[in-house]
Amino acid sequence: MNGASLRACVLAAADALEASRDELCRLDAVAGDGDHGVTMALAARAVRQKLEESPGASGADLLALVALGVGSVGGAIGPLYATALLRAATALRGLGTSEGDPTVGEIRACAEAGAAAITGLGHARPGDKTIVDAVAPAVQALADAEATGAGVPEALEAAIAAARAGAESTTGMIATLGRASRLGERGRGSADPGAASFVVALEAAVRTYLGPVGAEPAGA
Amino acid sequence: MNGASLRACVLAAADALEASRDELCRLDAVAGDGDHGVTMALAARAVRQKLEESPGASGADLLALVALGVGSVGGAIGPLYATALLRAATALRGLGTSEGDPTVGEIRACAEAGAAAITGLGHARPGDKTIVDAVAPAVQALADAEATGAGVPEALEAAIAAARAGAESTTGMIATLGRASRLGERGRGSADPGAASFVVALEAAVRTYLGPVGAEPAGA
Amino acid sequence: MATSGQAGGRYKKLINDPFAVVDEALEGFASAHADLVRLAAPRVVVRRTPAPDKVGFVVGGGSGHEPAFAGYVGLGMADAAACGNVFASPPPDVVLEAIRAASSGRGVVTGYGNYAGDVLNFSLAVELAAAEGIEVREIRVSDDVASAPRNEAEKRRGIAGDIIVFKCVGAAAERGDPLDEVERIARKANAATRSMGVALSACEVPGSGRLTFELPADEIEIGMGVHGEPGIRRGPLEPADEVARALVQTIVADIEGGVAGRPIALLVNGLGATAYLDQYIVYRAARRLLEAAGATVARSYVGEFITSLEMSGASVTVTVLDEELTALLDAPARTPRMVVW
Amino acid sequence: MATSGQAGGRYKKLINDPFAVVDEALEGFASAHADLVRLAAPRVVVRRTPAPDKVGFVVGGGSGHEPAFAGYVGLGMADAAACGNVFASPPPDVVLEAIRAASSGRGVVTGYGNYAGDVLNFSLAVELAAAEGIEVREIRVSDDVASAPRNEAEKRRGIAGDIIVFKCVGAAAERGDPLDEVERIARKANAATRSMGVALSACEVPGSGRLTFELPADEIEIGMGVHGEPGIRRGPLEPADEVARALVQTIVADIEGGVAGRPIALLVNGLGATAYLDQYIVYRAARRLLEAAGATVARSYVGEFITSLEMSGASVTVTVLDEELTALLDAPARTPRMVVW
Ligand SMILES: Nc1ncnc2c1ncn2[C@@H]1O[C@H](COP(=O)(O)OP(=O)(O)O)[C@@H](O)[C@H]1O
Ligand SMILES: Nc1ncnc2c1ncn2[C@@H]1O[C@H](COP(=O)(O)OP(=O)(O)O)[C@@H](O)[C@H]1O
Ligand SMILES: [Mg+2]
Ligand SMILES: [Mg+2]
Ligand SMILES: [Mg+2]
Ligand SMILES: [Mg+2]
């Protein structure tokens with residue numbers, strides 16, 4: 001994977017999260033404490049600052065910086081992202097492919113490590129109405145793409161679609177973990193904010209990586 | 001003056017003040033602290049309780065009870081009414097006419113004593129946008145009626161009209177005393193609540209005293 | 001135009017009978033703080049254990065300003081508080097009862113905010129007390145620079161400066177100062193103290209059915225008093241730093257000789273609905289401005305000292321200190337709502 | 001339908017940059033209370049004079065709950081507070097910094113409300129501290145009976161019971177109890193404490209541009225948490241006595257063996273915009289109900305202990321006391337927002 005490109009992807013995700021602030025707060029206000037958009041906007045700021053402080057960082061080092069940035073906002077979401085990104089960075093480091101473009105299998109491996117960190121730390125399972133409901137399908141889509149020999153753009157597009165479908169499916173769920181978990185039936189009818197913000201970040205990052213639709217990957 | 005009748009007049013004034021609660025609060029909210037209707041309603045309650053506790057009281061004694069009731073609400077208006085009513089009671093006692101119906105001159109004398117107490121205690125002059133702007137013209141109207149030899153009903157109607165005109169004239173005034181006095185120009189355009197509530201009480205009391213329009217005085 | 005107020009232009013309140021709020025709250029207050037105070041009469045809060053031989057100190061005023069005034073009854077502050085209806089001075093007989101309770105034969109000082117109603121009722125009570133042989137001195141706190149120009153300073157109303165004055169007076173009385181001395185301290189503390197406030201939203205007097213004023217959704221009232229009496233101007237809602245600048249500049253300009261090189265006490269008072277987060281942001285801004293003007297912020301107080309029910313807003317109070325006032329502010333106090341140790 | 005909120009469904013705030021509220025307020029806080037505390041790191045408030053040889057006590061959580069948590073740092077309570085963004089747990093590195101500052105070699109106890117975010121961040125910090133050789137025990141306050149049934153009491157969130165637990169833990173640590181003992185006290189105080197709240201209106205997280213929830217003009221939310229997490233039911237706005245009854249009944253029903261014949265501490269907490277008048281009226285009602293149920297109200301606390309920015313509402317907390325807990329509650333404390341003397 002190309003470092004400059006990863007940086008651009010991260011910054012695009014940060015921009016997209018900031019642009020979604022109001023919508024994410026709205027979702028969190030339904031059943032939570034209404035701050036998720038602010039928290040992700042603060043995360044975007046913190047990440048941008050970390051990247052500015054280390055203009056040369058790339059690859060796994062850059063991912064680790066992003067982890068620190070997101071982690072610095074605390075809350076429920078901070079440590080989940082931080083641990084996931086640190087594990088993904090470790091996986092990336094293990095692959096030793098930071099110079100070239102990653103394969104679908106490499107992307108899948110990193111994503112899997114990150115997803116495992118989230119469930120390992122937060123103990124949420126699919127159906128609990130959390131970020132896991134968007135993350136798990138995305139990882140599964142990458143695995144499916146890998147199995148069918150799809151190319152990177154196709155695999156990433158499938159991951160976005162799966163994450164989005166997963167986030168949308170949370171609308172019908174009842175939360176059982178976190179702040180929203182005492183709402184019961186009343187929380188149904190609105191998507192989980194953490195799942196929604198994951199889709200926002202993923203889509204912005206992937207779109208930047210792939211470049212204008214139909215073009216070659218940005219980092220190629 | 002007939003004791004039962006004075007009692008009825010006082011109770012009518014209490015009812016009228018309670019019915020005007022909202023309007024008096026609205027007036028006080030323009031430039032004051034918005035409580036004048038509540039204060040006068042509390043005064044009405046307190047007066048009613050005092051009268052119930054002393055079912056036999058009449059004349060000057062009854063006026064003194066009313067003074068204690070109104071005074072118990074405190075605020076700016078409580079001591080002004082209390083002192084005025086106590087002085088009026090003293091004047092009434094001095095007249096020694098508690099058995100028959102008072103003459104215009106006797107009513108004027110009591111009213112004058114009360115009005116003097118208000119200005120003596122509060123130091124407000126006509127034009128300062130206070131209760132004085134309703135009280136002073138009413139007393140003057142009684143004096144004029146006395147000078148022209150008018151009857152009691154005529155004199156009391158003239159007093160109401162003068163009080164109402166006086167209260168209405170406060171709309172164009174700038175307050176210089178009390179809570180509203182720091183408002184300057186912004187207070188203009190709204191009547192003084194204390195002047196307005198005086199008209200409410202006076203009108204209800206007089207109407208009860210005079211009975212249905214055209215009828216003989218209730219106490220006669 | 002949206003109006004201020006919690007909902008539908010009104011406030012939801014946790015009350016029962018709107019006309020019983022004061023007595024119910026005082027019952028709760030007296031039982032919650034029964035170790036320190038008791039109700040000597042329906043609206044008269046006194047120390048549980050009266051101080052035997054000192055100048056008495058009576059505070060009071062309308063209710064709805066809690067923790068003022070009953071919250072300051074106790075060791076090192078007031079001996080008794082006379083409580084009125086919401087935003088209405090207590091009547092003379094209640095004040096007289098408080099004076100009697102506070103009197104141990106060495107005279108009594110009454111402290112209250114300078115409002116027409118309080119002046120009328122307290123003065124009458126003082127006359128009644130004199131007739132009973134109790135000598136009473138009155139101190140009308142008049143710290144609000146927005147309420148009258150400097151050449152009419154005696155017309156100014158009392159707001160959060162009450163607390164600074166009460167603390168100094170209470171400490172002077174507690175250490176045994178004679179009546180003249182306590183009165184001198186009272187006048188000195190009042191003269192050294194200036195405040196100015198800002199309101200962001202109104203409050204609702206229980207039973208009134210309406211807000212005390214209407215403020216457009218994007219405006220604030222600079223110089224508003226603690227009952228919603230209008231201030232000196234309305235303006236757009238500005239950042240806290242700008243609001244603090246408007247308050248501090250007016251206060252500092254009013255202090256003869258300015259604040260440069262002088263130790264001051266800085267008090268930020270929340271009116272009721274303003275979050276502590278906001279109060280401390282205002283404090284930070286005020287402190288920076290005062291330090292930039294050369295003052296040394298020697299003592300600080302942040303919190304809700306005199307409120308206006310659920311009004312949103314805050315005030316800034318500055319007291320120019322000397323050793324005497326500083327020592328009185330630091331003297332121990334143990335009251336329901338102010339403990340200095 | 002009118003929605004809650006100060007104006008136009010939103011709140012006017014005295015702030016500057018909505019993303020800087022926490023740091024600006026902490027700067028103000030640390031300078032206002034510089035005699036008692038200081039900022040050891042950007043979000044870490046510690047005692048001005050560290051206690052040299054005792055079990056350390058670290059509290060913390062999201063900001064917006066002031067005076068919690070930094071307001072309870074000082075003699076007899078916490079050694080350090082870790083402060084997060086508004087309504088967001090502090091991250092692990094901030095908690096770790098607080099743990100380090102509180103550690104004097106005899107172990108550290110961390111106390112925080114039982115929320116997913118706090119559990120995640122504090123647990124990670126505790127792991128990091130262990131790696132540095134600091135033994136840390138965690139106490140997750142879980143007093144809110146509305147947040148989970150009794151058979152899942154460990155899932156309950158922490159609300160105003162925090163303060164009772166923190167006071168007992170702080171006092172135990174201050175008197176020199178060893179780590180096991182302090183942890184025992186923490187668990188005992190938490191087990192003895194139950195709370196339930198009601199919200200009348202929402203608050204607004206700075207920068208979110210919206211209220212944390214929408215509540216119709218004539219409804220309240222029973223069982224709501226301190227962040228606006230939905231409660232157990234919505235209902236019409238009732239008199240304070242009825243609201244108190246709903247809270248007290250649920251609390252008492254949850255106490256094994258009931259309250260009859262037992263001494264209790266009763267704490268009424270205002271959420272931010274609720275007037276003291278209302279708080280004391282709720283206290284009065286709760287006390288009457290508890291006394292009618294046979295309890296002896298031995299200790300009382302009324303005020304704003306853990307707020308939700310400018311939210312309107314209140315909670316009731318009951319702690320079943322014994323001599324040990326009572327002595328710990330009464331032990332001296334000197335912190336910016338709680339002074340016991
Ligand atoms: N235990 C958990 N496992 C996975 N995700 C969680 C967990 N707890 C919370 N979340 C996620 O965090 C989101 C809330 O994030 P945010 O609002 O920033 O935190 P907070 O709850 O501290 O306000 C939820 O929508 C959910 O997706
Ligand atoms: N010094 C004064 N002399 C005469 N009337 C006064 C004086 N001060 C106030 N008032 C009257 O009192 C009224 C306000 O009464 P109220 O609202 O009950 O008292 P408060 O000002 O204590 O809230 C004013 O409208 C005015 O008529
Ligand atoms: Mg949230
Ligand atoms: Mg008024
Ligand atoms: Mg009033
Ligand atoms: Mg949160």
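Below, read A as the first sequence line, B as the second, and so on, with proteins coming before strands; counting in each chain starts at 1.
Residue pairs meeting the salt bridge (charged side-chain N to carboxylate O under 4.0 Å, His left out) criterion with at least one member in residues 331-341 of chain D: none, sequence neighbours excluded. Within the structure, salt bridge (charged side-chain N to carboxylate O under 4.0 Å, His left out) contacts touching residues 298-307 of chain D (residues at least two apart or in different chains) are Arg299(D)-Asp330(D).
Only the backbone of Glu219(D) comes within contact range of chain C, with heavy atoms under 4.5 Å apart. The contact between Val302(C) and chain D is made by backbone and side chain atoms together, counting heavy-atom distances below 4.5 Å. Of the atoms belonging to Pro67(C), heavy atoms from both backbone and side chain fall under 4.5 Å from chain D. Ala333(C) touches chain D through its backbone: at least one of N, CA, C or O sits under 4.5 Å from a heavy atom, while the side chain does not. In this structure, chain C has no heavy atom under 4.5 Å from any part of Leu267(D). Looking at Ala286(C), neither its backbone nor its side chain comes within 4.5 Å of chain D, counting heavy atoms on both sides.
Under the 4.5 Å side-chain criterion, counting only non-hydrogen atoms from C-beta, Ser312(C) is not in contact with Tyr11(D).
Highest contact tally toward chain D, considering only Ala30(C), Ala25(C), Ala314(C), is held by Ala25(C) [criterion: heavy-atom pairs under 4.5 Å]. The choice from Ala32(C), Ser308(C), Pro239(C), Ala275(C) that makes the most heavy-atom pairs within less than 4.5 Å of chain D is Ala32(C). Of the listed residues Val86(C), Leu237(C), Asp241(C), the one with more heavy-atom pairs under 4.5 angstrom with chain D than any other is Asp241(C). Residue with the most contacts toward chain C among Arg287(D), Glu242(D), His33(D): Arg287(D) (heavy-atom pairs, distance under 4.5 Å). Ranked by heavy-atom pairs shorter than 4.5 Å toward chain D, the options Gly303(C), Ser300(C), Ser31(C) are led by Ser31(C). Ranked by heavy-atom pairs shorter than 4.5 Å toward chain C, the options Glu310(D), His65(D), Arg288(D) are led by Arg288(D).
Taking Glu238(C) as the reference, nothing meets the side-chain hydrogen bond (donor to acceptor under 3.5 Å, both in side chains) condition, with sequence neighbours excluded.
Taking every heavy atom of both residues into account, Asn16(D) and Ala240(C) meet most closely at OD1-N, 3.1 Å.
By a heavy-atom distance cut of under 4.5 Å, Tyr276(C), Leu277(C), Asp278(C), Tyr280(C), Ile281(C), Val282(C), Tyr283(C), Arg284(C) are the residues of residues 276-285 of chain C near chain D, going up by number.
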